[in-house]
Amino acid sequence: MKKLAIFDLDGTLINTIADLASSTNYALSKCGFPTHHTSEYKFFVGNGINKLFERALPEGEKTEVNILKIRAEFIPYYDIHNADESRPYDSIPEILDKLQSQGIMLAVASNKYHSATQKLIKHYFPDINFITVLGQREGKNPKPDPDIVFDILNAAGVDKKDVLYIGDSGVDMQTAKNAGVISVGVTWGFRPLSELKQFSPDYIINHPNEILSLIKY
């Protein structure tokens with residue numbers, strides 16, 4: 001039996017793509033740049049918001065100055081609108097509740113900026129007692145750097161062999177491998193199955209219910 005399940009947030013626990021897209025498009029428009037269709041954002045997100053803005057900016061405009069301009073418009077808008085259309089994926093609340101009832105420790109490791117990560121988890125999963133919820137923090141490298149996982153392991157006090165890391169992207173699979181924990185790729189998120197397979201996760205699952213079986217190994 002595993003003791004700890006670490007979850008990515010965007011594309012794994014919650015479908016946040018519509019609010020990320022609309023908020024980035026708002027910021028782009030305010031700064032005089034063209035916007036993008038929501039579907040394009042599935043390939044823009046995953047490496048932190050500064051990388052999101054860099055990818056969303058036009059060629060020739062991907063400067064640090066422009067990224068910071070977009071960030072200044074995005075954060076106050078997203079802080080208000082980050083739950084307009086975002087919703088947990090089907091069965092996720094129930095699965096988290098079942099894992100918690102079985103005594104499995106739960107944690108979140110996200111490249112979303114820290115305050116928004118904590119706000120969304122508190123909003124959508126108020127009855128789940130995560131041992132720690134970490135987003136991207138000042139002075140910390142984003143995933144796939146494994147430090148965020150190591151911080152969670154220290155908080156949980158568990159061995160790597162007793163951990164599942166669950167995410168929807170190649171970045172998540174790299175993070176798990178860099179941290180030396182078991183990687184579980186999910187197919188209901190933002191990135192295609194082909195991307196997950198490229199990084200050879202230990203498991204690939206198609207429905208949250210499958211987490212209940214993996215946790216028993």
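All of these numbers come straight from a predicted model, not from anything done at the bench.
Put simply, the side chain of F53 reaches to within 4.5 Å of the side chain of T24, judged on heavy atoms. At least one side-chain heavy atom of F190 sits less than 4.5 Å from a side-chain heavy atom of D10. Taking the side chain as every heavy atom from C-beta outward, I166 and D8 never approach each other to under 4.5 Å. Using a 4.5 Å cut-off on side-chain heavy atoms (C-beta onward), K2 and L214 make no contact. Residues F43 and S169 have side chains not in contact (no heavy-atom distance under 4.5 Å, counting atoms from C-beta outward). Side-chain contact between N47 and P142 is absent, with no heavy-atom pair separated by less than 4.5 Å.
When atom types are taken as modelled, the side chain of N25 and the backbone of H36 share a donor-acceptor pair closer than 3.5 angstrom. At distances below 3.5 Å, not a single donor-acceptor pair connects side-chain atoms of Q198 with backbone N or O atoms of S194. Listed for the N15 side chain is no donor-acceptor partner under 3.5 Å among the backbone atoms of R87. A donor-acceptor distance shorter than 3.5 angstrom exists from the side chain of Q100 to the backbone of D127, with no hydrogens or angles considered. Here the side chain of T12 pairs no donor or acceptor atom with the backbone of F7 at under 3.5 angstrom. Checking side-chain atoms of E210 against main-chain N and O of H207 turns up a donor-acceptor pair under 3.5 Å. Looking only at distances, no side-chain donor or acceptor of D202 sits under 3.5 Å from a matching main-chain atom of I182. Between the side chain of K140 and the backbone N or O of D147 there is no donor-acceptor pair closer than 3.5 Å. A donor-acceptor pair under 3.5 Å links the side-chain atoms of N178 to the main chain of Q174, judged by distance alone. Without hydrogens or angle criteria, S86 side chain to A83 main chain gives no donor-acceptor distance under 3.5 Å.
Crowding of K119 atom NZ: a count of heavy atoms from other residues, nucleotides or ligands under 6.0 Å exceeding 12. Within a 6.0 Å radius of CG in D90, other residues, nucleotides and ligands contribute 12 heavy atoms or fewer. Open room surrounds NZ on K69; 12 or fewer heavy atoms of other groups in view lie less than 6.0 Å from it. For NZ of K177, the number of neighbouring non-hydrogen atoms (other residues, nucleotides, ligands) closer than 6.0 Å is greater than 12. Within a 6.0 Å radius of NZ in K122, other residues, nucleotides and ligands contribute 12 heavy atoms or fewer.
Nearest heavy-atom pair, S183 versus P201, reported as atom, atom and distance to 0.1 Å: OG-CA, 3.3 Å. Between G180 and K160 the shortest heavy-atom distance is O-CB, 3.6 Å. Summarising the geometry of S22 relative to D19, their closest heavy-atom pair is OG-O, 3.3 Å, with the distance given to 0.1 Å. Pairing each heavy atom of G11 with each of V186, the nearest pair is O-CG2, 4.1 Å. In this structure, P208 and W188 approach most closely via the heavy-atom pair N-CZ3, 3.4 Å. The shortest heavy-atom contact between G135 and T117 is CA-OG1, 3.6 Å.
Between atom CG of residue L193 and atom OG1 of residue T187 there is a gap of 7.0 Å, rounded to the nearest 0.5 Å. The distance from atom NZ of K98 to atom CD1 of I215, rounded to the nearest 0.5 Å, is 14.0 Å. For the atom pair CG (N129) and CG (L96), the distance works out to 11.5 Å, reported to the nearest 0.5 Å. Summarising the geometry, atom CG belonging to D79 is positioned 5.5 Å from atom OG belonging to S115; distances are rounded to the nearest 0.5 Å. Atom-to-atom distance recorded for M173:CE and D168:CG is 7.5 Å, nearest 0.5 angstrom. I128 CD1 to I95 CD1: the interatomic distance, rounded to the nearest 0.5 Å, is 10.5 Å.
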F125 and D97: side chain to side chain contact (heavy atoms under 4.5 Å, CB included), yes or no, with the steps? CA-CA 9 Å; F125 309 112; D97 186 64; over 6 Å; no
Go through the steps for T16 and N82 under the test side chain to side chain contact (heavy atoms under 4.5 Å, CB included), then give the verdict. CA-CA 8 Å; T16 55; N82 59 22; over 6 Å; no
What's the verdict on side chain to side chain contact (heavy atoms under 4.5 Å, CB included) for I14 and Y89, showing C-alpha distance, side-chain angles and the deciding distance? CA-CA 6 Å; I14 304 174; Y89 287 99; 5.5 Å; no
Could you walk me through whether C31 and E73 pass the side chain to side chain contact (heavy atoms under 4.5 Å, CB included) test, one step at a time? CA-CA 8 Å; C31 294; E73 296 290 346; 3.9 Å; yes
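Clustering ILVMFWY residues whenever any of their side-chain heavy atoms sit less than 4.5 angstrom apart, transitively, puts Y77 in a cluster other than the one holding L52. Y26 and I67 fall into different hydrophobic clusters, where Ile, Leu, Val, Met, Phe, Trp and Tyr side chains are chained together by heavy-atom contacts under 4.5 Å. One hydrophobic cluster, built from ILVMFWY side chains closer than 4.5 Å, holds both Y41 and L57. A continuous path of Ile, Leu, Val, Met, Phe, Trp and Tyr side chains, each step under 4.5 Å between heavy atoms, connects I121 with L20, placing both in one hydrophobic cluster. Taken together through direct or relayed side-chain contacts under 4.5 Å among Ile, Leu, Val, Met, Phe, Trp and Tyr, L68 and I49 form parts of separate hydrophobic clusters.
At a threshold of 4.0 Å, the pair R137-D151 counts as salt-bridged, since one of the basic side-chain nitrogens sits closer than that to a carboxylate oxygen. Look at D159 and K3 and you find no salt bridge, because none of the NZ, NE, NH1 or NH2 atoms lies under 4.0 Å from a carboxylate O. Using a 4.0 Å cut-off between charged nitrogen and carboxylate oxygen, D172 and R191 do not count as a salt-bridge pair.
Checking N50 against Y113 by side-chain atom types alone, no donor-acceptor pair falls below 3.5 Å. For the 3.5 Å distance criterion, the side chains of Q136 and N111 fail to qualify, holding no donor opposite an acceptor.
The hydrophobic cluster containing V158, built from Ile/Leu/Val/Met/Phe/Trp/Tyr side-chain heavy atoms closer than 4.5 Å, also comprises L4, I6, M105, I131, L134, I148, V149, F150, I152, L153, V163, Y165, V181.
Aromatic ring orientation, F74 versus Y78: parallel (interplanar angle below 30°, classes split at 30° and 60°).
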